[in-house]
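Any value given below was found using the heavy atoms of this structure, including those in side chains, with hydrogens, waters and symmetry copies removed. The structure presented is a predicted model; accordingly, all values stated were derived computationally and were not measured.
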Amino acid sequence: MPHHPLLLHWFLPTGGDGRDPGGVTAVQGRTGAATRRPADIPYLAQVARAAEQAGFHSLLTPVGLGCVDPWILTAALAQHTTRIGFLVAFRAGFASPTLLAQQADAFRRFAGGRLALNVVTGGDPAEQRAYGDRLAHDARYARTEEVMTVLRTLLEGGTADHDGAHLRIEGARLTDPELRHPVPLYFGGASPAAEEVAVRQADVQLLWGEPPAAVATRVARLRERAGAAGRTLRFGLRLHVITRDTSAEAWSEADRILSGIDPEAVRASQERFAAMDSTGQARMTALHGGVADAARLTVTPNLWAGIGLVREGAGTALVGSHDEVAGRLAEYHALGIDEFVLSGYPHLEEAYRVGEEVAPRLRALTGADAA
């Protein structure tokens, strides 16, 4: 099976950082232990420079009601780094795609092209209403596809004329677009409606860390459908990492995290997750059932679901020695995963640990060159 270059990305903790997981796109589950380090520019610049020095390709930002604006934050951090890219998340449908294209073009122009976009449709109806959005699930994905269509046309230097169910754009174009720097579109979603958009519009489909068999099934299905549409789709996997010199040390750290999780934070987080209409979130929750039972949290060898007790979205971590973690990542790579968006607590120290210990082992196992 042919592979694209292996890319490793890191996560930017824009809601605060610490040794413990917490909520990211909303305040539920975001405890004091998870935010001991305020997410100010000096600290986040440290994380960005650590990820850059450790060899990561780019930094993913979260987006949501409980997040600072990713555009403003990453534009600031671009001034504190020189090489690392920014995988900027935005909510499709909340702003004109013409305006989004102008923002993206300005960013890539002034940051030397260090930009990719993560297109987020949203899966929490309560959060969507807070933004003034009352579209139902499938209609949100239909609108996302229209946004992506216009956005791609503009960023590739074309003129956008679009008359759809959700958007009507006439004569949109960018002034002297920076065409030397393509802006890949990353996309997530596990529902049938989301997959329809992915096969037609995405450059990279992001998956959350499910067991290898589940990932293999989704990759094979989406690759086949994209091929039928005359497109090539790349795949990325979003995972947390708890890696140590020995397996025992890594699992001891997972046990420490679990013992420190507040049961009330679990209750509030799981109540919020249950109200979502996100297929991906339901799949994450199904891995642990919302119960902080250590025996139920290891869903496959080295894949631990404890993070998802309090963190929405990606809720699984690879836990083990550096060799074990690299081996599991190599297994996913063999299934067709060419990009990994990784994170660890705290994100500053763990960027160095993963970059220095896991990345070289992974590249040795896969024969991939450094990004």
Greater than 12 external heavy atoms within 6.0 Å of [X]'s [atom1]:
{"X": "Gln53", "atom1": "CD", "result": "no"}
{"X": "Arg173", "atom1": "CZ", "result": "no"}
{"X": "Glu224", "atom1": "CD", "result": "no"}

Is there a donor-acceptor pair closer than 3.5 Å between any side-chain N or O of [X] and the backbone N or O of [Y]?
{"X": "Glu52", "Y": "Thr82", "answer": "yes"}
{"X": "Arg129", "Y": "Arg134", "answer": "no"}
{"X": "Ser96", "Y": "Thr98", "answer": "yes"}
{"X": "Arg152", "Y": "Gln201", "answer": "yes"}
{"X": "Glu146", "Y": "His166", "answer": "yes"}
{"X": "Arg361", "Y": "Glu357", "answer": "yes"}
{"X": "Arg244", "Y": "His322", "answer": "no"}

**Message:** If you apply the rule side chain to side chain contact (heavy atoms under 4.5 Å, CB included), what do you find for Leu115 with His181, and how did you get there?
**Reply:** CA-CA 8 Å; Leu115 177 68; His181 303 294; over 6 Å; no
I need the [X] [atom1] to [Y] [atom2] distance, nearest 0.5 Å.
{"X": "Gln46", "Y": "Leu77", "atom1": "CD", "atom2": "CG", "result": "11.5 Å"}
{"X": "Asn118", "Y": "Thr61", "atom1": "CG", "atom2": "OG1", "result": "7.5 Å"}
{"X": "Trp304", "Y": "Leu258", "atom1": "CH2", "atom2": "CG", "result": "5.5 Å"}
{"X": "Ser343", "Y": "Arg238", "atom1": "OG", "atom2": "CZ", "result": "3.5 Å"}
{"X": "Ile337", "Y": "Gln205", "atom1": "CD1", "atom2": "CD", "result": "9.5 Å"}
{"X": "Leu59", "Y": "His347", "atom1": "CG", "atom2": "NE2", "result": "10.5 Å"}

**Message:** Parallel, tilted or perpendicular, judged at 30° and 60°: which one describes the rings of His9 and His57?
**Reply:** perpendicular
**Message:** Run Phe86 and Leu73 through side chain to side chain contact (heavy atoms under 4.5 Å, CB included) and show every step you take.
**Reply:** CA-CA 10 Å; Phe86 295 90; Leu73 177 63; over 6 Å; no
